[in-house]
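Working notes, beginning with the structure itself.
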Amino acid sequence: MINATKETNKLFEASNYINRRFVKSEGEFLDNINPATKESVGKFPQSTPDDVSFAYKSAREAFGKWKKLSRIRRGDIFFKLAQIIERRR
């Protein structure tokens with residue numbers, strides 16, 4: 001699995017997460033500034049129109065599958081997600 005971020009000089013460079021994978025943006029990167037210290041803590045992509053289009057198309061496709069699941073199955077998925085998040089705290 002590809003990491004969401006890579007460490008470069010103690011800063012993190014994030015990627016877009018689209019269609020169950022991390023996708024490098026062709027756009028510029030923006031600094032994420034810590035308001036307390038005014039220091040950059042990471043860089044995040046300024047997504048291009050192509051990035052947004054790909055994300056939109058992927059989401060529309062995924063929603064078609066998601067809406068066909070029963071509400072009980074969707075609830076099970078969210079419950080499992082919550083358990084994973086709690087374990088990673």
Side-chain angles (χ1 to χ4, degrees):
M1 179 176 196
I2 300 171
N3 290 328
T5 59
K6 65 179 183 179
E7 193 168 347
T8 52
N9 298 331
K10 297 183 182 180
L11 297 178
F12 288 96
E13 188 175 290
S15 298
N16 291 322
Y17 188 72
I18 304 171
N19 202 20
R20 296 178 293 166
R21 61 188 170 101
F22 294 100
V23 180
K24 184 176 182 332
S25 175
E26 296 302 320
E28 296 179 24
F29 280 80
L30 305 173
D31 286 321
N32 181 18
I33 305 297
N34 178 337
T37 65
K38 307 296 187 223
E39 294 177 339
S40 177
V41 295
K43 294 189 175 287
F44 298 88
Q46 182 174 358
S47 297
T48 65
D50 287 341
D51 295 331
V52 174
S53 180
F54 178 55
Y56 175 79
K57 288 176 186 174
S58 296
R60 293 281 299 179
E61 186 178 305
F63 181 71
K65 296 172 187 173
W66 177 257
K67 72 179 182 179
K68 292 178 183 175
L69 297 176
S70 73
R71 67 177 188 242
I72 293 172
R73 179 70 181 120
R74 289 184 288 206
D76 290 343
I77 291 169
F78 279 119
F79 183 72
K80 185 172 182 173
L81 176 62
Q83 289 177 319
I84 291 169
I85 293 169
E86 285 295 320
R87 276 195 305 254
R88 292 185 179 183
R89 279 187 167 185

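Residue numbers run from 1 in the order of the sequence given. Just so it is clear, the model here is predicted, and its values are computed rather than measured.
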Which distance, rounded to the nearest 0.5 Å, do you find between the CD of Glu61 and the NZ of Lys65? 5.0 Å
Count the heavy atoms of every other residue, nucleotide or ligand shown that sit under 6.0 Å from [atom1] of [X], and state whether that count exceeds 12.
{"X": "Tyr56", "atom1": "OH", "answer": "no"}
{"X": "Glu28", "atom1": "CD", "answer": "no"}
{"X": "Leu81", "atom1": "CG", "answer": "yes"}

Just so I know, are the side chains of Asp76 and Lys80 near enough to count as touching, which here means a heavy-atom distance under 4.5 Å? no
Restricting to non-hydrogen atoms, name the atom on [X] and the atom on [Y] that form the minimum distance, rounded to 0.1 Å.
{"X": "Gly27", "Y": "Thr48", "result": "N-CG2, 3.4 Å"}
{"X": "Arg74", "Y": "Lys67", "result": "NH1-CA, 3.9 Å"}
{"X": "Ile18", "Y": "Ser58", "result": "CG2-OG, 3.7 Å"}
{"X": "Ser25", "Y": "Pro45", "result": "CB-CB, 3.5 Å"}
{"X": "Phe29", "Y": "Glu13", "result": "CE2-CG, 3.4 Å"}

Can you tell me which residue among Ile33, Asp31, Asn32 is in a side-chain contact (heavy atoms from CB on, under 4.5 Å) with Val41? Asn32
Is there a chain of hydrophobic side chains (I, L, V, M, F, W, Y, each step under 4.5 Å between heavy atoms) that links Phe63 to Leu69? yes
Could you tell me which residues satisfy ring-ring contact (aromatic ring centres under 6.0 Å, His included) with Phe78, sequence neighbours excluded, listed by chain and number? Trp66
Residues which pass side chain to side chain contact (heavy atoms under 4.5 Å, CB included) with Ser47, listed by chain and number, not counting sequence neighbours: Asn16, Asp51, Val52
